[in-house]
Protein chains: 2
Amino acid sequence: MTDRSRNVPTLERLVGYNLKRAYMVVQGDYRAALGDGALAPRVFSALTLVVEFPQISQSDLARRLGIERSGLVAIVGELEERGLLERADVPGDKRVQALVATPEGTRACNDAMARVQAHEDRLLGMLTEAERATLIALLAKIRQAEDVQAG
Amino acid sequence: MTDRSRNVPTLERLVGYNLKRAYMVVQGDYRAALGDGALAPRVFSALTLVVEFPQISQSDLARRLGIERSGLVAIVGELEERGLLERADVPGDKRVQALVATPEGTRACNDAMARVQAHEDRLLGMLTEAERATLIALLAKIRQAEDVQAG
DNA sequence: TATTGTTATACTCTATAACTATA
DNA sequence: TATAGTTATAGAGTATAACAATA
């Protein structure tokens, strides 16, 4: 152990604590940068996946987002109200609704993505491209632990 | 751009999205690992800082935790109810209350820290020590951007 | 005027449980 | 029996605005 690391308070050496604090910073800046009328992070994420996977069901979308189906109802409802996607019937299974982005939805998605990228580029300007890639890779590794948790 | 990075969905390349997903995984495992009666993450963090900085005021503690003073009332109240800290009057300024951990509070803090470390060691076992240190360093860098945000 | 602790309040995000209609 | 979408509800966690006491 070096002199430097020995003096770092224990709380600051926990991944969970740093993760939460960094998440709050990025999330706060997202909202400040995109403004009040913009898509909230989770709504933006959902729209992105609908654009990427046309005809996706709500259950599949919830699985991909890592949230419960019930939580998705309000998100999809907001996107439908904004005219950014449509719930389409699926022939052969009346239970399922295929989510399809409207042309305006695809435009809004691209537009939002550009603004999110700009916000991250500005906020994370202190990180090199390599550092940013490393960070994303490490976070992705943690995400993969989702299936092997305690309890 | 390599073939590999070109095929990664855009959402997956956003720091914010990966940060949130990883945060949910770690936070969920914390709760599963420490159990129902345990200190919630934010209560544990507050106690840790009170042990580390005896006589700290609520305002200073809120600043260190990056939350509002109003949000700290319930946290300190819970710690006091559990007998883990005391609010002490400060001679010279009747507005301020000095927070001091009780002996039991210090014990509970050490005990919780050991369990949190065990939970992180297990959950983050897929990361090498070096990767974990890198991750914390990168997250700490993002935390420092808290003061130079948009809006 | 400014600061400390506090209350009241609201908002966001998430989860659980139960329901319906289908399969 | 199981699945898709939905509703109702509750629980964290956070923020803002206002207040009394004190500086």
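Lettering follows sequence order; numbering is per chain, from 1.
- In this entry the distance linking CG of B:D93 with C1' of C:dT3 reads 8 Å, nearest Å.
- For the residue pair A:L39 and A:Y30, the shortest heavy atom distance occurs at O-OH, 2.9 Å.
- Look at NZ on A:K94: it is 17 Å from P on D:dT6, rounded to the nearest Å.
- Phosphate contact (OP1/OP2 of C:dT12, side-chain N/O of B:K20, threshold under 4.0 Å): absent.
- In this structure, the CZ atom of B:R95 is 10 Å from the C1' atom of C:dG5, given to the nearest Å.
- Distance alone, capped at 3.5 Å, is enough to place a donor-acceptor pair between the A:E120 side chain and the B:V15 backbone.
- For B:A40, the side-chain atoms get nearest to D:dG13 when compared with the rest of C:dT6, C:dT4, D:dG13.
- Under 4.0 angstrom from either OP1 or OP2 of D:dT3 there lies no side-chain N or O belonging to A:S59.
- With rounding to whole Å, B:M24 atom CE is found 14 Å from D:dA12 atom P.
- Between B:I56 and A:Y23, the residue whose closest nucleotide on DNA chain C is further toward the 5' end is B:I56.
- The A:R31 side chain lies nearest to C:dC13 when the options are D:dT14, D:dG5, C:dC13.
- The distance from atom CG of A:D36 to atom C1' of C:dC11 is 12 Å, rounded to the nearest whole Å.
- Put simply, CZ on B:R42 is 15 Å from P on D:dG11, counting in whole angstrom units.
- Atom CD of B:Q27 is separated from atom P of D:dG13 by 7 Å (rounded to the nearest Å).
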Would you check, one step at a time, whether the test salt bridge (Lys or Arg N to Asp or Glu O under 4.0 Å) holds for B:E52 with B:R64? CA-CA 12 Å; B:E52 187 179 0; B:R64 280 192 185 274; over 6 Å; no

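- Computed from coordinates, the B:R21 CZ to C:dC13 P distance equals 15 Å when rounded to whole Å.
- At a non-hydrogen distance threshold of 4.0 Å, A:I67, A:E68, A:S70 from residues 63-85 of chain A come into contact with DNA chain C.
- B:V96 and B:L49 fall into different hydrophobic clusters, where Ile, Leu, Val, Met, Phe, Trp and Tyr are joined by side-chain heavy atoms under 4.5 Å apart, directly or via other members.
- A:E131 contributes no side-chain N or O that, together with a main-chain N or O of B:L138, makes up a donor-acceptor pair within less than 3.5 Å.
- Within the structure, a side-chain polar atom (N or O) of B:Q97 is placed less than 4.0 Å from OP1 or OP2 of C:dT6.
- Across every non-hydrogen atom of A:P41 and A:R31, the tightest pair is CD-NH2, 3.8 Å.
- Here the side chain of B:R21 pairs a donor or acceptor atom with the backbone of A:L65 at under 3.5 angstrom.
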